[in-house]
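Heads up: the structure comes next, in structure tokens.
As the structure lists them, so they are numbered: ligands from 1, and atoms in each ligand from 1. As the structure is a computational prediction, the values presented were derived from the model and not from experiment.
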Amino acid sequence: MSSSPKVLVAGATGLLGGRIVRALLDQGVPVRALVRPGTGAEKKNSLTALRTGGLEVAEGDITDPVERLAEAVGDATTVISAVQGGPDVIVDGQANLARAAEKAGARRFVPSDFAFDLTKLDDGDNFMIDWRRQAAAALAGSGLEVVSVLNGAFYEVMIGFMGLIDWERGTLSHWGDPDQPLDLTSVADTAAYTAAVALDPAATGTLRFAGEVVSMRGFHEAVQRGSGRTLRLLHLGTADDLRAEIARRAALTSNPFDYVALQYQWCMVSGKATFDSLDNARYPQITPQPLADFVRAATVAP
Ligand SMILES: NC(=O)c1ccc[n+]([C@@H]2O[C@H](COP(=O)([O-])OP(=O)(O)OC[C@H]3O[C@@H](n4cnc5c(N)ncnc54)[C@H](OP(=O)(O)O)[C@@H]3O)[C@@H](O)[C@H]2O)c1
């Protein structure tokens with residue numbers, strides 16, 4: 001029997017949440033996954049295999065009534081939220097989950113932040129980060145100890161969602177100063193650090209981790225080395241030019257998701273959301289994966 005206190009993970013069927021569950025189970029920590037009743041069978045099945053490793057599954061939605069949600073939290077002492085969604089989920093849902101956690105007697109709450117340094121940003125810099133800052137304000141009023149884990153950008157996102165690399169054209173396009181440091185971490189390492197934070201009774205406040213801190217030039221070099229491909233580095237404009245491009249696109253669409261990838265890039269390349277310091281040394285047992293190794297292992301090249 002494990003002597004570790006139980007951890008509830010909301011968002012366990014997601015990209016990051018699933019990794020957090022595994023990282024905790026690997027260390028013998030009892031975990032309960034909160035899974036929405038409507039979650040697809042394929043995603044649910046991904047958790048079935050983990051049940052033999054001691055995973056419990058509780059059905060629930062973080063917007064459920066607090067009484068019901070508190071039952072799902074049960075005897076978990078730490079709640080990790082790795083949910084994704086709109087303000088109904090990120091702001092109201094997480095505040096609701098925190099109320100349920102408090103009611104159930106949990107002590108700690110790790111919100112679904114997992115970004116660059118959102119404490120340094122202002123409203124309007126990135127609308128999805130605004131929701132997380134609003135959630136932080138709501139959670140500050142709870143009786144729980146809130147510990148925020150920040151990881152910069154996922155390696156996965158840098159070679160995918162951001163749209164920087166065009167493998168067919170053989171280009172890597174970027175905005176801003178090519179020497180501006182960028183904080184980057186793989187999903188797996190973010191999960192490992194989150195599990196370490198959850199198991200560290202002294203962890204408090206906001207903790208910042210990065211697998212690598214590299215400039216865009218360094219990123220370009222690592223992607224080429226890892227992929228074995230030669231990519232032309234294209235400079236699209238300054239960080240101010242990018243800000244103007246975001247405003248131009250915002251005027252053309254009512255859907256902010258059309259330009260959110262650019263908002264994420266601006267927060268990074270402007271240096272505004274860059275970490276001032278890292279907490280990696282707090283958990284020396286974690287050796288983050290080098291970016292080039294990650295790129296080599298990822299099947300990104302056509
Ligand atoms: N730093 C970065 O580069 C980066 C990149 C990507 C994500 N992130 C952050 O990492 C966190 C997790 O993102 P992700 O990509 O892992 O998300 P994801 O794969 O989309 O998974 C989201 C999870 O949230 C669950 N969920 C959504 N609404 C819920 C609700 N009302 N009640 C309960 N569960 C709910 C989903 O359940 P279903 O399976 O039922 O849908 C799913 O398990 C987010 O904070 C995100 O912003 C950071």
Side-chain angles (χ1 to χ4, degrees), residues 8-23 32-47 50 57-66 68-69 72-73 79-98 100-101 109-118 121 126-136 139 148-164 182-191 193-194 208-212 219 257 260-261 263-265 267-268 273-275 291 294:
L8 178 109
V9 179
T13 52
L15 175 71
L16 177 61
R19 292 287 198 148
I20 294 172
V21 168
R22 284 179 184 78
R32 179 175 299 142
L34 183 76
V35 178
R36 293 199 277 192
T39 298
E42 198 180 319
K43 281 186 175 181
K44 276 187 179 159
N45 289 342
S46 70
L47 293 177
L50 298 176
V57 174
E59 243 185 29
D61 187 300
I62 66 168
T63 61
D64 280 347
V66 168
R68 196 191 310 161
L69 201 50
V73 175
V79 170
I80 299 176
S81 169
V83 296
Q84 180 63 296
D88 55 323
V89 173
I90 299 298
V91 186
D92 303 335
Q94 291 198 105
N96 190 57
L97 178 59
F109 191 91
V110 178
S112 195
D113 289 341
F114 307 113
F116 33 54
D117 202 334
L118 44 74
L121 295 174
N126 179 312
F127 70 91
M128 291 182 78
I129 296 296
D130 291 349
W131 299 336
R132 283 158 177 78
R133 288 155 35 83
Q134 289 160 24
L139 294 170
S148 172
V149 175
L150 301 178
N151 58 275
F154 289 155
Y155 290 170
E156 286 83 347
V157 159
M158 289 294 289
I159 64 169
F161 168 79
M162 288 284 197
L164 307 175
L182 310 168
D183 304 302
L184 312 177
T185 313
S186 72
V187 172
D189 288 329
T190 302
Y193 281 119
T194 307
R208 297 163 177 84
F209 305 99
E212 280 202 24
F219 177 70
F257 287 97
V260 72
Q263 286 197 327
Y264 275 105
Q265 284 181 52
C267 293
M268 296 172 71
T274 303
F275 296 147
L291 180 59
F294 171 85

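- Contact annotation: for Lys43 versus ligand 1, heavy atoms closer than 4.0 Å belong to the side chain alone.
- At a threshold of 4.5 Å between non-hydrogen side-chain atoms, the residues Thr190 and Arg19 do not count as touching.
- In terms of polar-atom proximity, defined here as any N/O pair under 3.5 Å, Leu15 does make such a contact with ligand 1.
- Here the side chains of Phe109 and Leu97 are in contact, with some heavy-atom distance below 4.5 Å.
- Remark: distances from the non-hydrogen atoms of Arg132 to ligand 1 include one below 4.0 Å.
- Under the 3.5 Å distance criterion, the side-chain polar atoms of Gln84 are left unmatched by any main-chain donor or acceptor of Gly14.
- Between the CD atom of Glu212 and the OG1 atom of Thr185 there is a distance of 9.5 Å, given to the nearest 0.5 Å.
- Counting heavy atoms from C-beta on, the side chains of Thr274 and Asp117 never come closer than 4.5 Å.
- Scanning the protein heavy atoms around atom 43 (O) of ligand 1, the nearest turns out to be Thr13 OG1, 2.6 Å.
- For ligand 1, none of its N or O atoms has an N or O atom of Val89 under 3.5 Å away.
- Atom 48 (C) of ligand 1 has its closest protein heavy atom at Phe114 O, 3.1 Å.
- Polar contact check, Asp61 against ligand 1: a nitrogen or oxygen pair lies under 3.5 Å apart.
- Judged by distance alone, the side chain of Arg32 and the main-chain N or O of Ala72 form a donor-acceptor pair under 3.5 Å.
- For atom 23 (C) of ligand 1, the closest heavy atom belonging to the protein is Gly11 CA, 3.7 Å.
- Taking only nitrogen or oxygen atoms, main chain and side chain alike, Val157 does not reach within less than 3.5 Å of ligand 1.
- The distance criterion of under 3.5 Å between nitrogen or oxygen atoms is not met by Leu34 with respect to ligand 1.
- At under 3.5 Å, a nitrogen or oxygen of Gln84, whether backbone or side chain, sits near a nitrogen or oxygen of ligand 1.
- Assignment of Ala82 to the shell around ligand 1 is supported, since a heavy atom sits closer than 4.0 Å.
- Distances from atom 8 (N) of ligand 1 to the heavy atoms of Phe154, Phe116, Phe161 put Phe154 nearest.
- With a 4.5 Å cut-off on side-chain heavy atoms, Phe114 and Ile20 count as touching.
- For atom 41 (O) of ligand 1, the nearest non-hydrogen atom of the protein is Arg36 NH2, 2.8 Å.
- Remark: ligand 1 and Leu16 share an N or O pair separated by less than 3.5 Å (distance only, no angle test).
- Using a 4.5 Å heavy-atom cutoff, the side chains of Asp113 and Val149 are not in contact.
- With a 4.5 Å cut-off on side-chain heavy atoms, Met268 and Leu184 count as touching.
- For ligand 1, one of its N or O atoms has an N or O atom of Ile62 under 3.5 Å away.
- Of the possible polar contacts, one joining the Arg133 side chain to the Leu121 backbone as a donor-acceptor pair under 3.5 Å is found.
- Of the protein's non-hydrogen atoms, the one nearest atom 21 (O) of ligand 1 is Gly14 CA, 3.2 Å.
- Using a 4.0 Å heavy-atom cutoff, Asn151 is listed among the residues neighbouring ligand 1.
- Atom 40 (O) of ligand 1 has its closest protein heavy atom at Thr39 OG1, 2.6 Å.
- Two residues are said to be in side-chain contact when any heavy atoms from C-beta on lie closer than 4.5 Å; Asp189 and Asn151 fail this criterion.
- When side chains are defined from C-beta on, Lys43 does not count as touching Arg36, because their heavy atoms never get closer than 4.5 Å.
- In terms of protein heavy atoms, atom 11 (C) of ligand 1 is closest to Ser112 OG, 3.4 Å.
- Ring geometry for Tyr193 against Phe209 counts as parallel: the plane angle stays under 30°, on a 0 to 90° scale with 60° as the upper cut.
- Ligand 1 lies out of reach of Gly38, whose nearest heavy atom is not under 4.0 Å from it.
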